> 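Dropping the structure in here first, questions after.
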Amino acid sequence: MFKSVYNWIDERLDITPLWRDVADHEVPEHVNPAHHFSAFVYCFGGLTFFITVIQILSGMFLTMYYVPDIINAYASVDYLQHQVAFGQIVRGMHHFGASLVIVMMFLHTLRVFFTGSYKAPREMNWVVGMLIFFIMLGLGFTGYLLPWDNKAYYATKVGVEIAASVPVLGPYIADFLYGGDIVGAQTLTRFFAIHVFFLPGALIAMLAAHFIMIRRQGISGPL
Amino acid sequence: MAHGHKSNEKVVYVGDSRVKRSNHPNIPPDYTSFPGKSEAFIPNFLLKEWMVGCVVLVGFLVWTIAEPAPLGYPADPTNAAFIPMPDWYFLFLYQFLKYPYVSQDYILLGTLGVPGVMFGALMLAPFLDTGKERRFYRRPIASSLMFLSLIACIYLTIVSWDHYQHTLEANGQIPEHHEREEKAREAAEAGEERPNYTKPAPVASLVDADDPAMEIAKQANCVSCHAADLKGQGSVPALTGIGDRLDKDQLVDVITNGRGGMPQFKDQLSAEEIDQLATWLSKQKVAAE
Ligand code: HEM
């Protein structure tokens with residue numbers, strides 16, 4: 001049954017090469033921890049991706065309850081945390097996952113750096129990687145405000161004040177993030193939009209570029 | 001390549017679509033042609049990865065159940081005592097900006113100068129470190145710069161965290177999310193409902209507003225400070241709902257002897273009047289409505 005449906009689609013669209021390309025690419029011995037335990041350092045990229053997927057999924061569920069306005073934001077998080085079935089788990093996964101994904105990304109960056117994998121011909125992938133790095137930090141910064149508790153409020157205030165101290169551009173950045181003169185209703189809706197639409201969109205585009213380049217170039221050879 | 005197309009292959013389209021007729025054998029390539037113990041990504045490698053992934057996921061779930069994600073009190077822009085604290089991965093920068101020569105007059109150096117050079121160099125690493133050598137111990141400059149930056153970041157993070165802990169201790173504060181959890185636990189142990197910070201406190205109005213005691217309050221000028229409807233003003237607390245906080249004896253004491261900015265009234269009011277006032281104020285409860 002499944003096979004005949006698959007064949008029916010494949011006959012029309014020839015989808016086999018799409019997944020075979022992913023399935024058949026080889027995992028060389030020097031990156032496979034089953035053969036050399038120390039090769040676990042090559043898993044950090046995959047782990048970062050794994051947790052990024054968790055972040056996206058848990059975040060999607062959080063937005064089912066979260067309300068991005070200053071009167072209800074805190075209440076909706078409180079409700080999520082204490083009333084919604086499995087809310088604590090979903091919020092916990094997103095909260096701690098945010099830290100975990102950054103840890104994994106740091107480790108992945110260090111692996112790439114110390115194995116010299118950023119060298120020719122992989123320069124562009126390193127630059128894309130650094131862009132991902134900044135997007136991730138941006139996600140962390142904007143997400144921190146959303147629960148609208150004191151910690152969120154004051155960290156954002158200090159963060160934007162630091163950005164505002166940059167000459168020339170500073171006031172514009174502050175204006176863009178605040179959406180006014182203070183951390184307030186506008187700031188929260190902006191941060192929500194940036195956290196949920198702008199940055200994840202950019203992240204997915206960058207990840208696609210990252211993975212396409214890895215597939216084309218293959219993993220860097222043994223040292 | 002596994003799917004190289006031979007140039008002399010005759011292209012057969014399916015119907016009038018541009019998709020070519022598929023003639024893939026669906027057999028994975030034979031990895032013996034690769035050096036070492038290469039294996040296919042799917043399913044060989046991914047199955048093993050998934051087993052590890054499942055263990056990690058279960059561990060993660062247990063963690064989120066054992067340790068609820070923190071939540072403090074609702075944001076209060078007038079709270080001057082709150083110690084701002086960014087998430088841990090920004091601490092190195094936060095701490096860095098507290099040092100002289102990168103703050104105040106030199107803030108430009110702190111926000112753009114040093115981080116700009118550092119992150120710029122990191123971003124352009126492939127174009128700065130162009131040698132062919134990949135092993136880190138054969139790239140002393142790049143590696144030692146990275147090690148130094150790492151140590152600096154870890155050091156700054158630890159100093160920042162320490163500083164935060166000390167400030168908390170000096171101010172006798174505990175982080176709000178701990179306090180909130182603590183209170184929720186106490187409430188649960190006492191069999192009460194979890195304190196709810198999301199509902200605005202119910203606004204108390206005057207109970208028995210035409211009680212003769214109200215006349216005394218007016219004559220003794222309580223209203224000049226506590227406002228005409230006794231709802232309080234500025235730093236003077238409201239007396240509506242006061243019965244929930246203080247009992248009659250405490251009220252007598254505050255009115256008789258004063259407290260802080262509250263003057264004493266033992267010379268202006270007789271004991272009976274104070275008693276009358278206190279009896280009436282002790283009935284000012286939110287629940288009485
Ligand atoms: C969401 C964040 C990221 C994800 C999911 C991710 C994922 C991956 C994966 C799965 C690989 C394959 C090799 C491995 O697993 O180690 C890889 C390779 C690579 N990554 Fe990332 N990465 C991320 C961020 C970064 C960052 C921040 C950098 C550096 C600035 C970076 C630079 C590279 C480079 C240069 C390679 C090629 C390494 C080689 O061929 O040996 N990536 N990435």
Side-chain angles (χ1 to χ4, degrees), chain A residues 10-14 16-17 20-30 32 34-35 46 50 74-75 77-78 81-82 88-89 91-93 95-96 99 102 113-120 123 126-127 130 137 140 144 147-155 157-159 162 165-167 223, chain B residues 2-3 14 17 19-20 22 24 26 28-29 31 34 36-42 45 48-49 53 60-61 63-65 67-69 71-77 79 82 84-90 97 107-108 111-112 122-123 125-127 129 133-136 139 143 146 176 194 197-198:
Chain A
D10 193 38
E11 213 168 87
R12 281 158 181 77
L13 294 172
D14 196 24
T16 303
R20 279 243 77 100
D21 178 66
V22 176
D24 290 347
H25 83 255
E26 76 284 2
V27 179
E29 179 183 339
H30 74 282
N32 192 335
H35 299 305
F50 180 50
Y74 180 89
V77 175
D78 183 272
Q81 179 78 17
H82 298 285
Q88 179 190 327
I89 296 180
R91 179 162 178 257
M93 286 176 77
H95 177 89
F96 295 115
S99 288
I102 288 198
F113 186 86
F114 284 116
T115 58
S117 303
Y118 57 86
K119 299 195 164 212
E123 303 97 324
W126 172 267
V127 174
M130 283 307 295
L137 291 184
Y144 206 60
W148 202 251
D149 58 0
N150 278 321
K151 213 170 152 179
Y153 184 88
Y154 286 99
K157 195 160 169 246
V158 171
I162 290 175
S165 68
V166 172
L223 286 173
Chain B
H3 324 292
V14 177
S17 121
V19 174
K20 294 176 208 130
S22 157
H24 299 283
N26 269 1
Y31 289 105
F34 291 89
K37 300 169 191 140
S38 291
E39 59 185 4
F41 181 59
I42 296 175
F45 184 70
K48 280 182 259 171
E49 274 237 306
F60 191 24
L61 282 174
W63 179 20
T64 62
I65 295 168
E67 175 80 32
L71 185 64
Y73 297 135
D76 172 11
N79 184 342
F82 195 82
M85 196 63 173
D87 219 349
W88 63 268
Y89 41 87
F90 289 119
L97 289 172
I107 187 76
L108 179 56
T111 50
L112 274 190
L122 191 61
M123 183 122 178
F127 308 102
D129 174 21
E133 180 57 56
R134 281 183 45 215
R135 283 165 289 187
F136 71 92
R139 296 186 283 135
S143 300
M146 183 53 118
E176 282 189 349
R194 193 173 58 83
Y197 309 101
T198 62

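Note that the structure is a prediction, hence the values are computed from the model and not measured. The chains referred to below are lettered A, B, ... by the order of the sequence lines, with proteins before strands, and numbering in each begins at 1.
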> Which atoms of B:Leu112 are under 4.5 Å from chain A, going by heavy atoms: the side chain, the backbone, both sets, or neither?
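Interface part for B:Leu112: side chain.
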> Find the one option among B:Tyr73, B:Trp63, B:Phe90, B:Phe136 whose heavy-atom pairs under 4.5 Å with chain A are most numerous.
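Most pairs with chain A among the choices: B:Tyr73.
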> Using non-hydrogen atoms and a 4.5 Å limit, figure out which bit of B:Arg135 sits close to chain A: side chain, backbone, both or neither.
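Answer is both: backbone and side chain atoms of B:Arg135 are under 4.5 Å from chain A.
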> In terms of heavy-atom pairs under 4.5 Å with chain A, which of B:Asp129, B:Thr111, B:Leu97 leads?
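Option with the top pair count is B:Asp129.
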> Considering only heavy atoms and a distance below 4.5 Å, find which of A:Leu137, A:Val166, A:Asp78 pairs most often with chain B.
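Most heavy-atom pairs within the cutoff with chain B belong to A:Asp78.
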> I need the minimum non-hydrogen distance between B:Thr64 and A:Phe96, along with the two atoms involved.
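Of all heavy-atom pairs spanning B:Thr64 and A:Phe96, the closest is CG2-CD1, 4.3 Å.
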> What part of A:His82 gets closer than 4.5 Å to chain B, counting heavy atoms only: side chain, backbone, both or neither?
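The answer is the side chain of A:His82.
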> With distance as the sole test, does A:Tyr74 use its side chain to make a donor-acceptor pair with the main-chain N or O of B:Gly72 at under 3.5 Å?
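Indeed, once roles are kept as given, a pair shorter than 3.5 Å links the two residues.
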> Between A:Gln81 and chain B, with a heavy-atom cut-off of 4.5 Å, which part of the residue counts as in contact: side chain, backbone, both or neither?
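Side chain of A:Gln81 only, per the 4.5 Å heavy-atom cut-off to chain B.
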> Using non-hydrogen atoms and a 4.5 Å limit, figure out which bit of A:Tyr144 sits close to chain B: side chain, backbone, both or neither.
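For A:Tyr144, side-chain heavy atoms alone lie under 4.5 Å from chain B.
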> Using the side-chain hydrogen bond (donor to acceptor under 3.5 Å, both in side chains) criterion, which residues pair with B:Glu49? Sequence neighbours excluded.
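With sequence neighbours excluded, B:Glu49 shows a side-chain hydrogen bond (donor to acceptor under 3.5 Å, both in side chains) to no residue whatsoever.
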> For A:Pro147 and A:Val77, which heavy atoms make the closest approach, and how far apart are they?
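For A:Pro147 and A:Val77, the tightest heavy-atom pair comes out as CA-CG2, 3.9 Å.
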> Considering all heavy atoms of both residues, which atom of B:Phe41 and which atom of A:Val22 are nearest to each other, and what is their separation?
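Nearest heavy atoms, B:Phe41 then A:Val22: CD2-O, 3.5 Å.
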> Looking only at heavy atoms and a cut-off of under 4.5 Å, which of A:Lys151, A:His30, A:Lys157 has the most pairs with chain B?
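Most heavy-atom pairs under 4.5 Å with chain B: A:Lys151.
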> Please verify the inter-ring angle class for A:Trp126 with A:Tyr118; under 30° counts as parallel, over 60° as perpendicular, anything in between as tilted.
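Answer is tilted, since the angle falls between 30° and 60°.
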